[in-house]
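Below you'll find the structure, written out as structure tokens, and then a few comments.
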Amino acid sequence: AQQGRVREKVYGKQKIYFADQEQLPAASDAELRGLDGQIAARSAELQALQQSCRHMEAELKDLNSSMTTPEMSREIEALRKDCASYTEKLERIKSATNHVTPEEKEKVCREQQLFRREWRRRKRMATGLLDAILEGYPKSKKQFFEEVGIETDEDHGVALPAAL
């Protein structure tokens, strides 16, 4: 700093040293434009390299997440075995002789509908009767059911089946 090559600035208790730019030769406008052109060219090159790097990283990620050839061979073999077992099962089903005829199916559906209707009718009758008894009963419905020993469909998790 005493020789004049480096300048010194004092900020409170701190001192900052930096090169004396007045000793450097001044750049001409042509040199500045040339340097600006070089900066622009290098920036474009940097952008292109960064884009290429991102593209390669994405490709690497895709390759790392995809299956290898041995894994793919094992997967294909497993799928072929599944396909063969399903084909065999389909053939067994097609060749079975104990199919349900449409008439039998219709008969079962009618019976199920009849039983469901009867179930609903009897449940309604029992509920009406129990409600009539509970009108004059001093305790709760739950206590009455426990005393008499009545078990409801809900106690056993049973629901009325849906129509077919």
Side-chain angles (χ1 to χ4, degrees), residues 9-18 35-164:
K9 278 203 172 183
V10 178
Y11 291 105
K13 294 181 180 179
Q14 297 178 343
K15 292 182 181 180
I16 298 176
Y17 295 93
F18 56 92
L35 290 174
D36 286 341
Q38 285 180 351
I39 289 172
R42 298 280 168 92
S43 295
E45 183 182 348
L46 175 66
Q47 291 292 326
L49 288 173
Q50 286 176 336
Q51 180 66 26
S52 175
C53 184
R54 281 192 294 268
H55 176 69
M56 287 180 183
E57 285 174 347
E59 188 176 341
L60 177 63
K61 184 179 175 185
D62 287 345
L63 290 173
N64 284 337
S65 65
S66 64
M67 296 176 122
T68 63
T69 304
E71 289 173 341
M72 199 164 292
S73 297
R74 286 191 296 272
E75 183 71 19
I76 288 172
E77 189 60 35
L79 289 173
R80 284 189 177 139
K81 287 179 183 177
D82 287 347
C83 186
S85 68
Y86 288 139
T87 304
E88 181 182 322
K89 186 175 180 181
L90 178 63
E91 290 302 318
R92 281 196 318 263
I93 291 171
K94 283 182 177 179
S95 66
T97 57
N98 59 351
H99 293 292
V100 177
T101 64
E103 294 82 21
E104 290 174 332
K105 181 180 175 185
E106 183 63 33
K107 180 183 174 199
V108 169
C109 288
R110 278 194 312 269
E111 286 178 355
Q112 193 258 357
Q113 190 175 15
L114 174 73
F115 294 145
R116 198 168 36 89
R117 198 177 313 127
E118 189 65 23
W119 183 354
R120 194 178 302 125
R121 186 179 69 80
R122 290 182 183 191
K123 185 172 182 174
R124 193 172 37 245
M125 286 173 37
T127 304
L129 182 65
L130 290 171
D131 287 343
I133 293 172
L134 285 171
E135 282 180 12
Y137 193 72
K139 296 180 183 173
S140 71
K141 181 177 183 179
K142 185 176 179 181
Q143 289 174 335
F144 174 70
F145 281 11
E146 284 180 15
E147 283 183 19
V148 178
I150 296 175
E151 296 176 352
T152 63
D153 294 339
E154 292 77 19
D155 291 341
H156 294 282
V158 177
L160 193 64
L164 292 179

What's the separation between atom [atom1] in [X] and atom [atom2] in [Y], rounded to the nearest 0.5 Å?
X      : Y      : atom1 : atom2 : value
Ser43  : Glu45  : OG    : CD    : 10.0 Å
Tyr86  : Leu79  : OH    : CG    : 10.0 Å
Leu63  : Thr68  : CG    : OG1   : 12.0 Å
Gln47  : Arg42  : CD    : CZ    : 15.0 Å
Met67  : Ser73  : CE    : OG    : 10.0 Å
Leu130 : Phe145 : CG    : CZ    : 4.5 Å

Quick check on [X]: does its [atom1] atom have over 12 non-hydrogen neighbours (other residues, nucleotides or ligands) under 6.0 Å away?
X      : atom1 : result
Gln50  : CD    : yes
His156 : NE2   : yes
Tyr11  : OH    : no

Practice prompt. Please assess Arg74 against Glu71 for the test side chain to side chain contact (heavy atoms under 4.5 Å, CB included), listing each intermediate value before the final yes or no.
Written response: CA-CA 5 Å; Arg74 286 191 296 272; Glu71 289 173 341; 3.3 Å; yes
Discussion item. As a quick check of understanding, evaluate side chain to side chain contact (heavy atoms under 4.5 Å, CB included) for Leu114 and Arg117, giving each step before the final call.
Written reply: CA-CA 5 Å; Leu114 174 73; Arg117 198 177 313 127; 4.1 Å; yes
Discussion item. Is there a side chain to side chain contact (heavy atoms under 4.5 Å, CB included) between Asp131 and Glu135? Walk through the geometry before answering.
Written reply: CA-CA 6 Å; Asp131 287 343; Glu135 282 180 12; 5.7 Å; no
Practice prompt. Would you check if there is a donor-acceptor pair between the side chains of Asp155 and Thr152 at a distance under 3.5 Å?
Written response: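 Judged by distance alone, the side chains do pair up.
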Fill in: Donor on one side chain, acceptor on other, Gln51 and Arg54, under 3.5 Å
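Distance-only check passes for Gln51 and Arg54.
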Worksheet entry | CA sep, side-chain torsions, deciding dist, call: Glu77, Lys81, salt bridge (Lys or Arg N to Asp or Glu O under 4.0 Å) | CA-CA 6 Å; Glu77 189 60 35; Lys81 287 179 183 177; 5.0 Å; no
Discussion item. The test is side chain to side chain contact (heavy atoms under 4.5 Å, CB included); show your working for Leu60 and Glu57 and say whether it passes.
Written reply: CA-CA 5 Å; Leu60 177 63; Glu57 285 174 347; 5.5 Å; no
Worksheet item: Could you go step by step and tell me if Lys123 and Glu154 meet the salt bridge (Lys or Arg N to Asp or Glu O under 4.0 Å) rule?
Response: CA-CA 12 Å; Lys123 185 172 182 174; Glu154 292 77 19; 3.1 Å; yes
Worksheet item: Hey, does the side chain of Ser52 reach the backbone of Ala48 with a donor-acceptor pair shorter than 3.5 angstrom?
Response: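 No, Ser52 side chain to Ala48 backbone: no donor-acceptor pair under 3.5 Å.
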